[in-house]
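Worksheet: the structure to be examined is printed underneath.
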Amino acid sequence: MTNTATDFDVMIVGAGISGIGMAAHMKEKAPGHDFVIVERRENLGGTWDLFRYPGIRSDSDMHTLGFDFEPWKHEKSIADGPAILEYLDRIVDERDIRKHMRFGHKVLAADWRESDGRWHVTLETGEGEKKHLTANWLYLGSGYYDYDEPYDPGFDFGEFEGRIVHPQFWPEDLDYTGKNVVVIGSGATAVTIVPSMSDKAAKVTMLQRTPTWMFSRPAKDALANFLRKILPEKLAYRITRWKNITLQDFGFKRARTQPEKMAATLHKRIRKSMGEDYDLAPFTPPYNPWDQRLCLVPDDDLFTALKSGKADVVTGHIKAFEKGGVRLTDDRFLPADIVVTATGLKLAVAGKIQLAREGQAIDLAQHYYYKGCMFSNLPNLAVVFGYLNASWTLRADINSDYICRVLNESRAKGVDVVEPVLTAEAEARIEEDDIFDFSSGYIQRAKSIMPKNAVAYPWRLNQEYVVDRKRMKEEPVDDGLLEFRRHGANARAADQQLEAAE
């Protein structure tokens, strides 16, 4: 493939974990298909290139956030951003994927045209030049949040004269040495930033409206590091990966069936760090564990910062931003030279690409997921939306593998269009399910733009990796729901196509 080609079998959108994973799978499992990766940024890595705040790290262990085909070799299982980028760079270079990448290419729109069985894609370069590429398949590895705009809770910063920073756009010139810092939020980002800033700052206060369940664990996986010494690398990785998947699955299900016992276990770990007399109120949410994603605290770093006196956790509501700090509704005043608004992400579907079919806009909220990978009545379109209760890459792996199977099946059948067909009659019988039953704000705010989910598989984004992996790998691709055809041949009538695309 040359960098001047405009026509591809597969266009992969995004050069983060999802996009790189798909490219690596295609190299191994669908080598007869050409592909291009288009990436709006000037570097690969996606989230791990965008976020530059202090302490940026994974909130999943790298034996599951890592790919199934590439062992994680570092000693730390909870990895920092630079180590993850190094891992991705190595995969790209060892598999000769970099030559397939076009950086500085932002996808604006994609229109499916049955007449030639291709997506007609409009892109914009960093210089503002519009380009047009076509691809038989569109694979969306563009993540789940808005890269341009974080969630804005609408704060009025009033008389506050200090620096205001959002973690999504961390300034390189921010010097917080000897400063008082207030970090608003209690999610994974805040829990990472607070201990990381506490070494240089005078005081870092995590201001939370509601506590979050915290899960403390070592950053190093002792079993993984032991196995790597006595077993071949890939075997050691597989065993550790299986162990972590099993433990995570057990923990999630235990939280749902025995929430009181899970809460007691989490509190026991905090008391082990903070002492038996520690007041657990700042870490006792009004909801059960795993009603929202647990926050990982590697090596007790947050609790170490709290014990040192360099960090604090305050629960309260903001009344006003005043000169020199933040006033709470109970009249407490938190001194601040810098305010970090770790208030969450703004979710986006399909990378905010304007999708269309024959010129008619596609609203994904009107379509059902198919096997957590494709969408009802939309041809040659695949997506990655990671697990809410496990690592993102687990879904990226099985989706990539599955789409490679679909590509090979299509080639064997001599067809170029594959569409999960959901008839009006079948849809009328579907019972919808709210799989996004997590109470997290970013999930609740985005429900209206999310594709639909049925109670019954396959018209859903399932949340059980072990079950999904078995189904996606072993069940036949040609399952009676996927329609395989040549473009323009045996196509449904135009009015049916338009109805499906609305």
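Here the structure is a predicted model, which is why all the values come from computation and not from measurement.
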key: Derivation and outcome, side-chain contact (heavy atoms from CB on, under 4.5 Å), residues Val10 and Asn136   = CA-CA 6 Å; Val10 179; Asn136 182 231; over 6 Å; no

ask   = Less than 4.0 Å between a side-chain N and a carboxylate O, is that true for Lys413 and Glu409?
value = yes

query = What distance do Gln168 atom CD and Tyr145 atom OH have between them, rounded to the nearest 0.5 Å?
reply = 6.0 Å

Full working for side-chain contact (heavy atoms from CB on, under 4.5 Å) between Thr212 and Phe215 = CA-CA 10 Å; Thr212 298; Phe215 172 61; over 6 Å; no

inquiry  = Once rounded to the nearest 0.5 Å, what's the spacing between atom OG of Ser410 and atom CZ of Phe484?
reply    = 5.0 Å

request  = Answer yes or no: is there an ion pair linking Arg357 with Glu419, defined by an N-O contact shorter than 4.0 Å?
outcome  = yes

message = Counting only heavy atoms not in Arg98 (residues, nucleotides, ligands), do more than 12 fall under 6.0 Å from its CZ?
response = yes

inquiry  = Are the side chains of His166 and Thr343 in contact, using a 4.5 Å heavy-atom criterion?
reply    = yes

inquiry  = Do Thr284 and Trp213 pair up side chain to side chain, a donor and an acceptor below 3.5 Å, judged on atom types alone?
reply    = no

inquiry  = Please determine whether the number of non-hydrogen atoms from other residues, nucleotides or ligands lying under 6.0 Å from atom CD of Gln354 exceeds 12.
reply    = no

query = Between Ser77 and Arg217, does a side-chain contact (heavy atoms from CB on, under 4.5 Å) hold up when you go through it step by step?
reply = CA-CA 10 Å; Ser77 179; Arg217 59 156 288 178; 3.9 Å; yes

task = Please tell me if the side chains of Lys29 and Arg405 come closer than 4.5 Å, counting only heavy atoms from C-beta onward.
result = no

ask   = Are side-chain N/O atoms of Tyr402 and Asp397 paired as donor and acceptor at under 3.5 Å?
value = no

inquiry  = Taking atom CD as the centre, does Glu94 end up with more than 12 heavy-atom neighbours from other residues, nucleotides or ligands that are less than 6.0 angstrom away?
reply    = yes

ask   = Is any NZ, NE, NH1 or NH2 atom of the basic residue among Asp416 and Arg411 found under 4.0 Å from an Asp or Glu carboxylate oxygen of the other?
value = no

query = Side chains of Arg57 and Thr192: donor-acceptor distance under 3.5 Å anywhere?
reply = yes

ask   = Do Arg41 and Phe103 meet the cation-pi criteria used here (NZ or CZ under 6.0 Å from the six-membered ring centre, within 45° of the axis)?
value = no

task = Would you mind reporting whether Glu432 and Tyr368 have side-chain heavy atoms less than 4.5 Å apart?
result = yes

Atom NZ of Lys76: over 12 foreign heavy atoms under 6.0 Å = no

ask   = About how many Å separate NE2 of His25 and CD1 of Ile403, when rounded to the nearest 0.5 Å?
value = 11.5 Å

inquiry  = For Tyr369, does the six-membered ring have the charged nitrogen or CZ of Arg460 within the cation-pi criterion, i.e. under 6.0 angstrom from the centroid and within 45° of the normal?
reply    = no

inquiry  = Between Asp111 and Arg118, does any side-chain N to carboxylate O distance fall below 4.0 Å?
reply    = no

query = So, for Trp48 and Ser58, which heavy atoms are closest and what is the spacing to 0.1 Å?
reply = CH2-CA, 3.6 Å

With sequence neighbours excluded, residues passing side chain to side chain donor-acceptor pair (under 3.5 Å) with Asp148 = Arg40, Lys352

ask   = Would you say the side-chain atoms of Asn244 and Thr64 include a donor-acceptor pair closer than 3.5 Å?
value = no

inquiry  = Quick one, Leu266 and Phe283 - any side-chain contact, counting heavy atoms below 4.5 Å?
reply    = no

message = Regarding Trp290 and Gln292, do their side chains bring together a donor and an acceptor under 3.5 Å, going by distance alone?
response = no

message = I need the single residue from Lys27, Arg241, Arg90 that forms a salt bridge (charged side-chain N to carboxylate O under 4.0 Å, His left out) with Glu70. Which is it?
response = Arg90

task = Assess the side chains of Arg429 and Thr423: does a donor N or O sit below 3.5 Å from an acceptor N or O?
result = no

query = Does the side chain of Glu39 reach to within under 4.5 Å of the side chain of His105, using non-hydrogen atoms?
reply = no

inquiry  = I want to check something: taking the side chain as every heavy atom from C-beta on, are Asp9 and Trp137 in contact at a cut-off of under 4.5 Å?
reply    = no

request  = Let me see the working for Leu294 and Met214 under side-chain contact (heavy atoms from CB on, under 4.5 Å), right down to the final yes or no.
outcome  = CA-CA 6 Å; Leu294 300 186; Met214 303 288 173; over 6 Å; no

ask   = Are any of the side-chain heavy atoms of Asp96 and His100 separated by less than 4.5 Å?
value = no

message = With a 4.5 Å cut-off on side-chain heavy atoms, are Lys131 and Glu124 touching?
response = no

note = Only one of Glu86, Glu233, Met62 passes side-chain contact (heavy atoms from CB on, under 4.5 Å) with Lys73, and that residue is Glu233

message = Closer than 4.0 angstrom, basic N to acidic O: yes or no for Glu464 and Lys253?
response = yes

message = Is it the case that the side chains of Asp468 and Tyr387 hold a donor-acceptor pair, with the cut-off being a distance below 3.5 Å and no angle test?
response = yes

message = Does this structure show an ion pair linking Arg238 with Asp68, if we count only N-O contacts that are shorter than 4.0 Å?
response = no

